[in-house]
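Encoded as structure tokens, the structure appears first; notes follow it.
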Amino acid sequence: MTTKRKPYVQPMTPTWWKRLPFYRFYMLREGTALPAVWFSIVLLYGLFALKHGPEGWQGFIGFLQNPIVLLINLLSLAAALLHTKTWFELAPKAAIVIVKGEKMGPGPVIKGLWGVTVVVTIVILGVALFW
């Protein structure tokens with residue numbers, strides 16, 4: 001059976017995400033994928049530079065010392081921290097933790113995740129600086 005009525009299609013403008021602050025923040029958080037791609041490309045470039053010996057590595061170091069690259073790397077770090085913060089705030093909602101029959105609030109889970117992040121970061125920096 002066919003109908004002559006047209007289906008209702010709600011209009012969706014390209015700026016739908018600008019209407020509410022929640023949507024704007026959502027788009028900002030999803031946009032943190034672009035700096036992650038930048039970091040991945042820089043990391044691959046560093047690996048290939050390391051493969052090509054001391055001259056290649058010196059070229060990579062010179063690339064990293066460019067003020068524009070330094071600024072992009074700082075923005076990438078800020079984006080990674082924002083993504084980490086929002087991810088850690090979502091983790092307690094995805095995994096409900098029960099201790100001694102009581103449902104644990106989100107605070108301890110978030111603090112535990114940040115604690116692990118800080119400890120792992122310190123260990124990696126310690127190995128990188130003193131090894």
Side-chain angles (χ1 to χ4, degrees):
M1 173 155 65
T2 61
T3 180
K4 296 189 188 263
R5 291 188 299 169
K6 291 183 180 178
Y8 174 72
V9 178
Q10 185 176 2
M12 182 67 72
T13 64
T15 58
W16 64 267
W17 56 274
K18 292 182 179 180
R19 276 187 255 151
L20 295 174
F22 174 80
Y23 294 144
R24 288 192 298 268
F25 185 74
Y26 171 79
M27 293 302 283
L28 175 69
R29 183 184 184 282
E30 293 302 310
T32 60
L34 295 176
V37 169
W38 165 259
F39 177 77
S40 299
I41 291 170
V42 169
L43 187 62
L44 286 173
Y45 174 43
L47 287 174
F48 281 107
L50 192 59
K51 178 183 171 187
H52 292 296
E55 300 83 25
W57 183 251
Q58 288 303 318
F60 177 66
I61 296 297
F63 169 76
L64 289 178
Q65 291 174 343
N66 184 328
I68 295 172
V69 173
L70 185 60
L71 178 65
I72 294 172
N73 286 340
L74 288 174
L75 289 173
S76 295
L77 176 63
L81 289 173
L82 172 68
H83 190 84
T84 302
K85 177 189 176 300
T86 57
W87 184 261
F88 286 175
E89 289 172 357
L90 287 173
K93 295 175 185 175
I96 298 171
V97 179
I98 298 173
V99 177
K100 295 182 183 176
E102 294 286 325
K103 183 178 167 185
M104 205 161 68
V109 174
I110 294 171
K111 288 177 184 174
L113 289 170
W114 277 115
V116 168
T117 302
V118 168
V119 168
V120 168
T121 301
I122 290 171
V123 168
I124 290 172
L125 286 175
V127 168
L129 293 174
F130 300 112
W131 190 18

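The aromatic rings of F22 and Y26 sit parallel, their planes meeting at an angle under 30°, below the 60° perpendicular limit.
Using a 4.5 Å heavy-atom threshold, the side chains of V118 and I122 count as touching.
Residue V116 is grouped with residue I124 when hydrophobic side chains (ILVMFWY) are merged at heavy-atom distances under 4.5 angstrom, including chains of intermediate members. No chain of hydrophobic side-chain contacts below 4.5 Å, direct or via other Ile, Leu, Val, Met, Phe, Trp or Tyr residues, connects L129 to V120. W57 and Y45 fall within the same hydrophobic cluster, where Ile, Leu, Val, Met, Phe, Trp and Tyr residues are linked whenever their side-chain heavy atoms come under 4.5 Å apart, directly or through other members. Under the 4.5 Å side-chain heavy-atom criterion for grouping Ile, Leu, Val, Met, Phe, Trp and Tyr, W16 is connected to L20 within one hydrophobic cluster. Cluster annotation: F63 and F48 are assigned to distinct hydrophobic clusters (Ile/Leu/Val/Met/Phe/Trp/Tyr, side-chain heavy-atom contacts under 4.5 Å, transitive).
Here the shortest heavy-atom pairing between R29 and L90 reads NH2-CD1, 4.2 Å. Here the shortest heavy-atom pairing between G105 and P108 reads O-CD, 3.4 Å. Minimum heavy-atom separation, E89 to K93: O-CE, 4.2 Å. Listed here is the closest heavy atom pair of F88 and I110: O-CG1, 3.4 Å. The two residues A49 and G56 come nearest to each other via the heavy atoms CB-O, 3.3 Å.
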Identify each donor-acceptor pair in which a side-chain atom of residues 66-84 lies under 3.5 Å from a protein atom, sequence neighbours left out, and give them as a table.
{"residue": "N66", "atom": "OD1", "partner": "I68", "partner atom": "N", "Å": "3.0"}
{"residue": "N73", "atom": "OD1", "partner": "W38", "partner atom": "NE1", "Å": "2.8"}
{"residue": "N73", "atom": "ND2", "partner": "V69", "partner atom": "O", "Å": "3.4"}
{"residue": "S76", "atom": "OG", "partner": "I72", "partner atom": "O", "Å": "3.0"}
{"residue": "H83", "atom": "ND1", "partner": "T32", "partner atom": "OG1", "Å": "3.1"}
{"residue": "T84", "atom": "OG1", "partner": "A80", "partner atom": "O", "Å": "2.7"}

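The structure places OG1 of T15 at 13.0 Å from OH of Y23, a figure rounded to the nearest 0.5 Å. Atoms OG1 and CD, from T86 and E30 in turn, are 8.5 Å apart once rounded to the nearest 0.5 Å.
Within a 6.0 Å radius of CH2 in W114, other residues, nucleotides and ligands contribute more than 12 heavy atoms. Annotation: F39, atom CZ; neighbour count of heavy atoms from other residues, nucleotides and ligands within 6.0 Å does not exceed 12.
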